[in-house]
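One structure is given below, encoded as C-alpha coordinates.
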Amino acid sequence: MKKMSQGLLATFLAATLLAGCGSNSSGNAGNAAGEDTSSGSGSAGAKSVTLKMFIAQPRFKEQYDNYIAEFVKKEKADKNIDVSVQLEMPTADNASQILKTRLASNDAPDIFAIHAVNEIPSYYKAGYLEDLTSQPFVGKLLDSVKPSVTTTDGKVVALPLETLSWGYLYNKKIFSEQGLTPPTTLTGMKTVIEKLKAKNVTPFVLSYKESWIPQLVLPLAVGGMMKTEDPEFVNKMNKDEGSFSEMKSAIFDVFDLINKNGTAKATEVGGDDGAAAFAAGKGAMWLMGPWYAETILKSNPDLDFGVAPLPINDNPEATLINLSASTSLAVSPTSKNKEVALDFLNYVLDDQASNGLFQAMKFNPVSTVHTYESYPWITEATTYVKAGKSVQDPAIPQSVKDEVGKGLQAYYAGQMSQDDVLKALDKAWKSYNKVNK
(Lines give C-alpha, C1' and ligand atoms only; values in the text may rest on other atoms or scores of the structure.)
Protein backbone atom coordinates (compact mmCIF):
# COMPACT_ATOMS: atom_id res chain seq x y z
CA MET A 1 0.00 0.00 0.00
CA LYS A 2 1.45 3.31 -0.96
CA LYS A 3 2.60 5.56 1.85
CA MET A 4 1.19 9.00 2.60
CA SER A 5 2.60 11.89 0.59
CA GLN A 6 5.22 13.72 2.59
CA GLY A 7 5.31 16.89 0.53
CA LEU A 8 2.76 18.68 2.67
CA LEU A 9 4.35 17.61 5.92
CA ALA A 10 7.96 18.46 5.10
CA THR A 11 8.03 22.02 6.36
CA PHE A 12 5.99 23.86 8.92
CA LEU A 13 6.43 26.25 11.79
CA ALA A 14 7.96 25.31 15.12
CA ALA A 15 6.05 22.94 17.37
CA THR A 16 5.05 25.80 19.63
CA LEU A 17 3.01 27.20 16.77
CA LEU A 18 0.31 24.61 17.33
CA ALA A 19 -0.92 23.69 20.78
CA GLY A 20 -2.44 20.22 20.84
CA CYS A 21 -6.13 19.59 20.53
CA GLY A 22 -8.03 16.32 20.54
CA SER A 23 -11.53 15.00 20.84
CA ASN A 24 -13.86 17.41 22.63
CA SER A 25 -11.08 19.94 23.11
CA SER A 26 -9.67 23.08 21.56
CA GLY A 27 -6.19 23.86 20.35
CA ASN A 28 -4.41 27.03 19.35
CA ALA A 29 -2.23 27.62 16.35
CA GLY A 30 -0.09 30.55 17.36
CA ASN A 31 1.52 33.12 15.13
CA ALA A 32 4.98 34.28 14.29
CA ALA A 33 4.62 37.21 16.66
CA GLY A 34 3.83 35.02 19.66
CA GLU A 35 0.61 34.79 21.65
CA ASP A 36 -0.33 38.50 21.58
CA THR A 37 -3.18 38.70 19.09
CA SER A 38 -4.31 42.25 19.79
CA SER A 39 -4.64 44.59 16.83
CA GLY A 40 -1.36 46.11 15.78
CA SER A 41 0.90 43.61 17.54
CA GLY A 42 3.57 41.66 15.75
CA SER A 43 6.47 42.67 13.56
CA ALA A 44 6.48 45.67 11.21
CA GLY A 45 2.95 46.69 12.16
CA ALA A 46 1.48 43.33 11.19
CA LYS A 47 -2.23 42.87 11.74
CA SER A 48 -3.07 40.06 14.18
CA VAL A 49 -6.14 37.85 13.78
CA THR A 50 -7.49 34.95 15.84
CA LEU A 51 -9.38 32.53 13.60
CA LYS A 52 -11.76 30.06 15.19
CA MET A 53 -12.34 26.75 13.40
CA PHE A 54 -14.75 23.95 14.29
CA ILE A 55 -14.09 20.65 12.50
CA ALA A 56 -15.37 17.34 13.91
CA GLN A 57 -12.58 15.14 12.58
CA PRO A 58 -10.18 14.62 15.49
CA ARG A 59 -8.61 11.61 13.76
CA PHE A 60 -7.10 14.06 11.25
CA LYS A 61 -5.69 16.43 13.88
CA GLU A 62 -2.11 16.09 12.68
CA GLN A 63 -3.00 16.76 9.05
CA TYR A 64 -5.05 19.84 9.88
CA ASP A 65 -2.40 21.18 12.26
CA ASN A 66 0.27 20.87 9.62
CA TYR A 67 -1.85 22.47 6.92
CA ILE A 68 -2.93 25.31 9.19
CA ALA A 69 0.71 25.97 10.02
CA GLU A 70 1.50 26.31 6.32
CA PHE A 71 -1.45 28.67 5.91
CA VAL A 72 -0.27 30.81 8.83
CA LYS A 73 3.12 31.04 7.19
CA LYS A 74 1.62 31.97 3.80
CA GLU A 75 -0.75 34.60 5.24
CA LYS A 76 2.18 36.26 6.98
CA ALA A 77 4.29 36.25 3.84
CA ASP A 78 1.53 37.37 1.46
CA LYS A 79 -0.42 39.85 3.61
CA ASN A 80 1.68 40.50 6.71
CA ILE A 81 -1.13 39.12 8.88
CA ASP A 82 -0.22 37.20 12.01
CA VAL A 83 -2.86 34.46 12.28
CA SER A 84 -3.58 32.50 15.43
CA VAL A 85 -5.94 29.56 14.89
CA GLN A 86 -8.11 28.06 17.59
CA LEU A 87 -9.07 24.63 16.25
CA GLU A 88 -11.93 22.87 18.01
CA MET A 89 -12.31 19.19 17.10
CA PRO A 90 -15.19 17.45 18.88
CA THR A 91 -16.21 13.92 18.03
CA ALA A 92 -18.89 13.40 15.38
CA ASP A 93 -21.42 12.27 17.98
CA ASN A 94 -21.32 15.62 19.79
CA ALA A 95 -20.47 18.06 17.02
CA SER A 96 -23.87 18.82 15.56
CA GLN A 97 -25.50 19.79 18.84
CA ILE A 98 -22.47 21.79 19.99
CA LEU A 99 -22.36 23.73 16.73
CA LYS A 100 -26.10 24.43 16.69
CA THR A 101 -25.86 25.78 20.24
CA ARG A 102 -22.92 28.00 19.30
CA LEU A 103 -24.67 29.37 16.23
CA ALA A 104 -27.94 30.00 18.05
CA SER A 105 -26.14 31.90 20.83
CA ASN A 106 -24.23 34.18 18.42
CA ASP A 107 -20.95 32.43 19.21
CA ALA A 108 -20.31 31.16 15.70
CA PRO A 109 -16.83 29.92 14.74
CA ASP A 110 -15.33 31.76 11.76
CA ILE A 111 -15.07 28.46 9.88
CA PHE A 112 -17.07 25.34 10.68
CA ALA A 113 -17.64 21.92 9.17
CA ILE A 114 -21.12 20.71 8.24
CA HIS A 115 -22.53 17.75 6.32
CA ALA A 116 -23.33 18.91 2.79
CA VAL A 117 -26.37 16.74 2.13
CA ASN A 118 -27.87 16.66 5.61
CA GLU A 119 -27.21 20.14 6.97
CA ILE A 120 -26.78 22.76 4.24
CA PRO A 121 -30.55 23.22 3.61
CA SER A 122 -31.47 23.99 7.23
CA TYR A 123 -28.31 25.98 8.01
CA TYR A 124 -28.76 28.10 4.90
CA LYS A 125 -32.41 28.77 5.72
CA ALA A 126 -31.37 29.88 9.22
CA GLY A 127 -28.89 32.37 7.78
CA TYR A 128 -25.79 30.66 9.15
CA LEU A 129 -23.89 30.28 5.85
CA GLU A 130 -21.88 32.92 3.98
CA ASP A 131 -22.40 33.11 0.23
CA LEU A 132 -19.13 31.82 -1.27
CA THR A 133 -20.20 31.81 -4.91
CA SER A 134 -17.64 34.44 -5.98
CA GLN A 135 -14.67 32.78 -4.26
CA PRO A 136 -11.82 31.48 -6.47
CA PHE A 137 -12.10 27.91 -5.17
CA VAL A 138 -15.59 27.56 -6.67
CA GLY A 139 -14.21 27.56 -10.20
CA LYS A 140 -11.94 24.66 -9.27
CA LEU A 141 -14.69 22.31 -8.06
CA LEU A 142 -15.47 19.25 -10.16
CA ASP A 143 -18.82 19.42 -11.91
CA SER A 144 -19.86 16.22 -10.14
CA VAL A 145 -19.17 17.76 -6.71
CA LYS A 146 -20.32 21.38 -6.99
CA PRO A 147 -24.09 20.65 -6.78
CA SER A 148 -23.68 19.13 -3.32
CA VAL A 149 -22.68 22.51 -1.85
CA THR A 150 -25.04 24.61 -3.97
CA THR A 151 -28.39 25.82 -2.62
CA THR A 152 -31.66 25.57 -4.49
CA ASP A 153 -31.30 29.25 -5.45
CA GLY A 154 -27.87 28.65 -6.96
CA LYS A 155 -25.48 29.84 -4.25
CA VAL A 156 -22.33 27.94 -3.27
CA VAL A 157 -22.21 28.02 0.53
CA ALA A 158 -19.48 25.53 1.47
CA LEU A 159 -16.27 23.93 0.29
CA PRO A 160 -16.55 20.12 0.07
CA LEU A 161 -13.77 18.16 1.75
CA GLU A 162 -15.08 14.62 1.55
CA THR A 163 -16.90 13.02 -1.32
CA LEU A 164 -17.62 9.43 -0.51
CA SER A 165 -18.29 6.22 -2.38
CA TRP A 166 -19.05 3.66 0.28
CA GLY A 167 -20.92 0.60 1.46
CA TYR A 168 -18.87 -1.65 3.73
CA LEU A 169 -15.19 -2.55 3.95
CA TYR A 170 -13.87 -6.06 3.44
CA ASN A 171 -10.50 -7.73 3.92
CA LYS A 172 -9.36 -8.77 0.45
CA LYS A 173 -6.79 -11.24 1.74
CA ILE A 174 -9.38 -13.12 3.80
CA PHE A 175 -11.87 -13.13 0.92
CA SER A 176 -9.22 -14.37 -1.49
CA GLU A 177 -8.03 -17.12 0.85
CA GLN A 178 -11.61 -18.38 1.22
CA GLY A 179 -12.45 -18.03 -2.46
CA LEU A 180 -15.09 -15.39 -1.77
CA THR A 181 -16.34 -12.35 -3.64
CA PRO A 182 -18.62 -9.58 -2.33
CA PRO A 183 -22.22 -10.85 -2.52
CA THR A 184 -24.96 -9.07 -4.43
CA THR A 185 -27.94 -10.29 -2.36
CA LEU A 186 -28.76 -10.85 1.29
CA THR A 187 -28.91 -14.61 0.69
CA GLY A 188 -25.48 -14.38 -0.88
CA MET A 189 -24.22 -12.52 2.21
CA LYS A 190 -25.56 -15.32 4.42
CA THR A 191 -23.58 -17.83 2.33
CA VAL A 192 -20.40 -15.75 2.68
CA ILE A 193 -20.94 -15.56 6.43
CA GLU A 194 -21.38 -19.32 6.79
CA LYS A 195 -18.23 -20.01 4.76
CA LEU A 196 -16.24 -17.61 6.93
CA LYS A 197 -17.56 -19.14 10.14
CA ALA A 198 -16.73 -22.62 8.88
CA LYS A 199 -13.10 -21.47 8.72
CA ASN A 200 -13.30 -19.86 12.18
CA VAL A 201 -13.22 -16.35 10.72
CA THR A 202 -15.47 -13.77 12.38
CA PRO A 203 -17.52 -12.20 9.59
CA PHE A 204 -17.99 -8.65 10.93
CA VAL A 205 -16.22 -6.17 13.18
CA LEU A 206 -18.85 -4.40 15.29
CA SER A 207 -18.18 -0.91 16.69
CA TYR A 208 -21.26 0.88 18.00
CA LYS A 209 -19.86 2.96 20.86
CA GLU A 210 -20.30 6.04 18.66
CA SER A 211 -23.90 6.32 17.51
CA TRP A 212 -23.06 7.59 14.01
CA ILE A 213 -21.62 4.17 13.12
CA PRO A 214 -24.72 1.95 13.47
CA GLN A 215 -26.77 4.64 11.72
CA LEU A 216 -24.76 3.96 8.55
CA VAL A 217 -27.18 1.16 7.78
CA LEU A 218 -29.98 3.73 7.38
CA PRO A 219 -28.79 5.62 4.26
CA LEU A 220 -27.74 2.33 2.66
CA ALA A 221 -31.17 0.80 3.23
CA VAL A 222 -33.16 3.91 2.30
CA GLY A 223 -30.99 4.55 -0.77
CA GLY A 224 -31.42 1.02 -2.04
CA MET A 225 -35.18 1.06 -1.53
CA MET A 226 -35.59 4.49 -3.13
CA LYS A 227 -33.65 3.33 -6.19
CA THR A 228 -35.77 0.20 -6.62
CA GLU A 229 -39.16 0.41 -4.89
CA ASP A 230 -39.99 3.73 -3.24
CA PRO A 231 -38.41 6.73 -5.03
CA GLU A 232 -40.72 9.19 -3.25
CA PHE A 233 -39.87 8.11 0.30
CA VAL A 234 -37.99 11.27 1.31
CA ASN A 235 -40.59 13.52 -0.31
CA LYS A 236 -43.34 11.68 1.56
CA MET A 237 -41.51 12.04 4.85
CA ASN A 238 -41.03 15.77 4.22
CA LYS A 239 -44.81 16.06 3.81
CA ASP A 240 -45.61 13.95 6.91
CA GLU A 241 -47.13 11.35 4.57
CA GLY A 242 -44.63 8.51 5.01
CA SER A 243 -43.32 6.22 7.74
CA PHE A 244 -40.14 4.30 8.43
CA SER A 245 -42.31 1.23 8.89
CA GLU A 246 -42.03 0.99 5.09
CA MET A 247 -38.28 0.47 5.54
CA LYS A 248 -38.46 -2.03 8.41
CA SER A 249 -37.17 -5.11 6.57
CA ALA A 250 -34.59 -3.16 4.57
CA ILE A 251 -33.06 -1.75 7.74
CA PHE A 252 -33.29 -4.62 10.19
CA ASP A 253 -32.82 -7.75 8.07
CA VAL A 254 -29.23 -6.85 7.24
CA PHE A 255 -28.55 -5.14 10.59
CA ASP A 256 -29.64 -8.24 12.49
CA LEU A 257 -27.53 -10.45 10.23
CA ILE A 258 -24.45 -8.33 10.87
CA ASN A 259 -25.03 -8.26 14.63
CA LYS A 260 -25.49 -12.04 14.90
CA ASN A 261 -22.17 -12.62 13.15
CA GLY A 262 -19.88 -9.98 14.59
CA THR A 263 -17.33 -9.32 17.28
CA ALA A 264 -18.40 -8.95 20.91
CA LYS A 265 -19.11 -5.91 23.09
CA ALA A 266 -19.94 -3.61 20.18
CA THR A 267 -21.17 -0.75 22.36
CA GLU A 268 -17.75 -0.62 24.01
CA VAL A 269 -15.87 -0.31 20.72
CA GLY A 270 -15.52 3.04 18.96
CA GLY A 271 -14.33 3.88 15.48
CA ASP A 272 -10.60 3.89 16.21
CA ASP A 273 -10.76 0.56 18.04
CA GLY A 274 -12.90 -0.83 15.25
CA ALA A 275 -10.31 0.28 12.72
CA ALA A 276 -7.58 -1.45 14.71
CA ALA A 277 -9.63 -4.66 14.94
CA PHE A 278 -10.37 -4.63 11.20
CA ALA A 279 -6.71 -3.90 10.42
CA ALA A 280 -5.70 -6.88 12.60
CA GLY A 281 -8.05 -9.23 10.75
CA LYS A 282 -10.40 -9.77 13.69
CA GLY A 283 -13.31 -9.53 11.29
CA ALA A 284 -13.54 -9.98 7.54
CA MET A 285 -15.96 -7.08 7.04
CA TRP A 286 -16.83 -3.80 8.73
CA LEU A 287 -19.90 -1.58 8.36
CA MET A 288 -17.82 1.51 7.63
CA GLY A 289 -16.71 3.74 4.80
CA PRO A 290 -13.27 4.43 3.32
CA TRP A 291 -13.02 7.68 5.30
CA TYR A 292 -11.39 5.48 7.94
CA ALA A 293 -8.65 4.37 5.54
CA GLU A 294 -5.97 6.57 7.11
CA THR A 295 -6.71 5.21 10.59
CA ILE A 296 -6.81 1.61 9.38
CA LEU A 297 -3.48 1.88 7.61
CA LYS A 298 -1.85 3.41 10.66
CA SER A 299 -2.51 0.09 12.38
CA ASN A 300 -1.58 -2.07 9.39
CA PRO A 301 0.05 -0.26 6.44
CA ASP A 302 0.03 -3.47 4.37
CA LEU A 303 -3.65 -4.29 4.73
CA ASP A 304 -5.38 -4.84 1.39
CA PHE A 305 -9.02 -3.89 1.80
CA GLY A 306 -11.87 -3.12 -0.55
CA VAL A 307 -15.18 -1.29 -0.69
CA ALA A 308 -18.38 -3.09 -1.69
CA PRO A 309 -22.13 -2.30 -1.67
CA LEU A 310 -24.13 -3.79 1.20
CA PRO A 311 -27.03 -6.10 0.26
CA ILE A 312 -30.27 -5.17 2.02
CA ASN A 313 -32.55 -7.80 0.44
CA ASP A 314 -32.51 -10.34 -2.37
CA ASN A 315 -32.88 -7.79 -5.16
CA PRO A 316 -29.37 -7.22 -6.55
CA GLU A 317 -30.56 -3.92 -8.02
CA ALA A 318 -30.88 -2.60 -4.45
CA THR A 319 -27.26 -3.50 -3.60
CA LEU A 320 -25.69 -0.12 -4.24
CA ILE A 321 -22.71 2.07 -3.44
CA ASN A 322 -23.73 5.24 -1.61
CA LEU A 323 -22.48 8.46 -3.23
CA SER A 324 -22.25 11.41 -0.88
CA ALA A 325 -20.58 14.71 -0.23
CA SER A 326 -20.24 14.92 3.53
CA THR A 327 -17.82 17.07 5.53
CA SER A 328 -17.72 20.56 4.03
CA LEU A 329 -16.32 23.86 5.31
CA ALA A 330 -18.54 26.92 5.70
CA VAL A 331 -17.91 30.49 6.83
CA SER A 332 -20.10 32.38 9.26
CA PRO A 333 -21.70 35.56 7.84
CA THR A 334 -21.06 37.19 11.25
CA SER A 335 -17.33 36.46 11.26
CA LYS A 336 -15.20 39.46 12.19
CA ASN A 337 -12.26 37.83 10.41
CA LYS A 338 -13.98 37.02 7.12
CA GLU A 339 -11.04 38.03 4.93
CA VAL A 340 -8.72 35.54 6.62
CA ALA A 341 -11.43 32.87 6.82
CA LEU A 342 -11.98 33.13 3.06
CA ASP A 343 -8.23 33.05 2.47
CA PHE A 344 -8.09 29.74 4.35
CA LEU A 345 -10.95 28.20 2.38
CA ASN A 346 -9.24 29.13 -0.87
CA TYR A 347 -5.96 27.73 0.45
CA VAL A 348 -7.70 24.38 1.01
CA LEU A 349 -7.89 24.14 -2.80
CA ASP A 350 -4.52 25.80 -3.41
CA ASP A 351 -3.07 24.72 -6.76
CA GLN A 352 0.04 23.26 -5.15
CA ALA A 353 -0.63 22.49 -1.48
CA SER A 354 -4.12 20.96 -1.79
CA ASN A 355 -2.93 17.67 -3.28
CA GLY A 356 -0.81 16.95 -0.23
CA LEU A 357 -3.66 17.68 2.19
CA PHE A 358 -6.25 15.54 0.42
CA GLN A 359 -3.82 12.71 -0.19
CA ALA A 360 -2.65 12.77 3.44
CA MET A 361 -6.24 12.36 4.63
CA LYS A 362 -6.91 9.86 1.82
CA PHE A 363 -9.92 11.78 0.52
CA ASN A 364 -11.34 11.54 -2.98
CA PRO A 365 -10.40 14.32 -5.41
CA VAL A 366 -12.97 17.15 -5.44
CA SER A 367 -11.19 19.67 -7.62
CA THR A 368 -9.49 20.13 -10.97
CA VAL A 369 -6.27 20.86 -9.04
CA HIS A 370 -6.24 17.33 -7.63
CA THR A 371 -3.90 15.24 -9.72
CA TYR A 372 -2.80 12.62 -7.19
CA GLU A 373 -3.34 8.95 -7.98
CA SER A 374 -6.53 7.47 -6.55
CA TYR A 375 -6.22 4.83 -3.88
CA PRO A 376 -7.18 1.22 -4.75
CA TRP A 377 -10.35 1.25 -2.64
CA ILE A 378 -11.51 4.42 -4.38
CA THR A 379 -10.88 2.83 -7.76
CA GLU A 380 -12.86 -0.26 -6.71
CA ALA A 381 -15.84 1.76 -5.53
CA THR A 382 -15.72 3.75 -8.75
CA THR A 383 -16.16 0.56 -10.79
CA TYR A 384 -19.58 0.09 -9.17
CA VAL A 385 -20.46 3.70 -9.86
CA LYS A 386 -19.49 3.40 -13.53
CA ALA A 387 -21.60 0.24 -13.77
CA GLY A 388 -24.68 2.08 -12.48
CA LYS A 389 -24.57 0.32 -9.12
CA SER A 390 -24.78 3.46 -7.00
CA VAL A 391 -27.30 5.88 -5.53
CA GLN A 392 -27.05 9.45 -4.26
CA ASP A 393 -27.08 9.72 -0.48
CA PRO A 394 -30.72 10.24 0.57
CA ALA A 395 -31.47 13.71 1.96
CA ILE A 396 -32.29 12.52 5.48
CA PRO A 397 -32.22 15.30 8.11
CA GLN A 398 -29.27 15.14 10.47
CA SER A 399 -31.59 15.09 13.48
CA VAL A 400 -33.17 11.89 12.13
CA LYS A 401 -29.76 10.30 11.60
CA ASP A 402 -28.81 11.25 15.15
CA GLU A 403 -32.00 9.60 16.39
CA VAL A 404 -31.46 6.37 14.44
CA GLY A 405 -27.91 6.13 15.76
CA LYS A 406 -29.10 6.25 19.35
CA GLY A 407 -32.03 3.99 18.55
CA LEU A 408 -29.90 1.30 16.95
CA GLN A 409 -27.46 1.41 19.85
CA ALA A 410 -30.40 0.81 22.19
CA TYR A 411 -31.81 -1.88 19.89
CA TYR A 412 -28.49 -3.72 19.82
CA ALA A 413 -28.41 -3.57 23.63
CA GLY A 414 -31.94 -4.99 23.84
CA GLN A 415 -33.40 -1.75 25.21
CA MET A 416 -35.66 -0.88 22.24
CA SER A 417 -37.67 -2.94 19.79
CA GLN A 418 -37.62 -2.49 16.03
CA ASP A 419 -40.99 -0.75 16.17
CA ASP A 420 -39.76 1.54 18.95
CA VAL A 421 -36.86 2.65 16.77
CA LEU A 422 -39.06 3.25 13.74
CA LYS A 423 -41.58 5.28 15.74
CA ALA A 424 -38.76 7.42 17.13
CA LEU A 425 -37.53 8.10 13.60
CA ASP A 426 -40.99 9.11 12.40
CA LYS A 427 -41.32 11.45 15.37
CA ALA A 428 -37.88 12.98 14.74
CA TRP A 429 -38.69 13.69 11.09
CA LYS A 430 -42.04 15.24 11.95
CA SER A 431 -40.30 17.46 14.50
CA TYR A 432 -37.82 18.49 11.82
CA ASN A 433 -40.68 19.37 9.48
CA LYS A 434 -42.34 21.60 12.08
CA VAL A 435 -39.15 23.59 12.58
CA ASN A 436 -38.25 23.86 8.91
CA LYS A 437 -41.61 24.62 7.28
Side chains of [X] and [Y]: does their closest heavy-atom pair fall under 4.5 Å?
X    : Y    : answer
Q418 : F255 : no
I396 : V222 : yes
V138 : L159 : no
S326 : L164 : yes
I111 : L51  : yes
P365 : Y372 : yes
E130 : V157 : no

Between [X] and [Y], is there a side-chain N and carboxylate O pair less than 4.0 Å apart?
X    : Y    : result
K338 : D131 : no
D343 : K74  : no
K427 : E403 : no
D419 : K248 : yes
D107 : R102 : yes

Check: [X] side chain, [Y] main-chain N or O, donor-acceptor pair, under 3.5 Å:
X    : Y    : answer
N171 : M285 : no
N322 : G223 : no
D350 : F344 : no
D393 : S324 : no
Q409 : Y208 : yes

Will you find, in the side chains of [X] and [Y], an N or O donor that is under 3.5 Å from an N or O acceptor?
X    : Y    : value
T151 : D153 : yes
W212 : D402 : no
T327 : E162 : yes
H370 : S354 : yes
Q63  : Q57  : no
D420 : Q415 : no
S332 : T334 : yes
S399 : W429 : no
Y411 : D256 : yes

Nearest 0.5 Å please: distance from the [atom1] atom of [X] over to the [atom2] atom of [Y].
X    : Y    : atom1 : atom2 : value
L141 : S148 : CG    : OG    : 8.0 Å
L186 : M189 : CG    : CE    : 8.0 Å
L357 : F60  : CG    : CZ    : 9.5 Å
L342 : L132 : CG    : CG    : 6.5 Å

Practice task
Please report the C-alpha distance between L206 and I258 in whole Å, then the side-chain angles of each, then the deciding distance to 0.1 Å, and finally whether the side-chain contact (heavy atoms from CB on, under 4.5 Å) criterion is met.
Solution key: CA-CA 8 Å; L206 303 184; I258 291 171; 3.5 Å; yes

Could you tell me which non-hydrogen atom of [X] sits nearest to which non-hydrogen atom of [Y], and how far apart they are?
X    : Y    : result
V400 : L425 : O-CD2, 3.9 Å
P90  : F54  : CG-CZ, 3.5 Å
L216 : W166 : O-CH2, 3.5 Å
G274 : V269 : N-CG1, 3.6 Å
I114 : L99  : CG2-CD2, 3.9 Å
P136 : N346 : CD-OD1, 3.3 Å

Problem - Matching residue for F252 among N259, L408, V217, L257 - test: side-chain contact (heavy atoms from CB on, under 4.5 Å) - result: L408

Problem - Member of L196, L180, T202, D304 meeting the side-chain contact (heavy atoms from CB on, under 4.5 Å) criterion with I174 - result: L196

Exercise for the section: Test F305 against Y292 for ring pair (Phe, Tyr, Trp, His ring centres under 6.0 Å), laying out the working first. Expected result: CA-CA 11 Å; F305 67 90; Y292 251 94; over 10 Å; no

Can you confirm whether [X] is buried at [atom1], in the sense that more than 12 heavy atoms of other residues, nucleotides or ligands lie under 6.0 Å from that atom?
X    : atom1 : answer
K140 : NZ    : yes
K172 : NZ    : yes
K100 : NZ    : yes

Exercise for the section: Could you give me the CA-CA distance, side-chain angles and deciding distance for M225 and M247, then say whether side-chain contact (heavy atoms from CB on, under 4.5 Å) is met? Expected result: CA-CA 8 Å; M225 292 296 285; M247 296 285 169; 3.6 Å; yes

Completion exercise
In short, side chain to side chain donor-acceptor pair (under 3.5 Å) pairs touching residues 221-235 with sequence neighbours left out are D230-K236, E232-N235

Practice task
For residues 177-192, pull every pair meeting side chain to side chain donor-acceptor pair (under 3.5 Å), keeping only residues two or more places apart or in separate chains.
Solution key: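 Passing the test, one end in residues 177-192: T187-D314.
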
Practice task
Mind telling me whether Y170 and F175 have parallel, tilted or perpendicular rings, with 30° and 60° as the class edges?
Solution key: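 Answer is tilted, since the angle falls between 30° and 60°.
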
Handout entry: Near-ring test Y168/F278, centroid separation under 6.0 angstrom
Key = no

Exercise for the section: Applying side-chain hydrogen bond (donor to acceptor under 3.5 Å, both in side chains), run through W286 and S207 and close with a yes or a no. Expected result: CA-CA 9 Å; W286 188 24; S207 56; 2.9 Å; yes

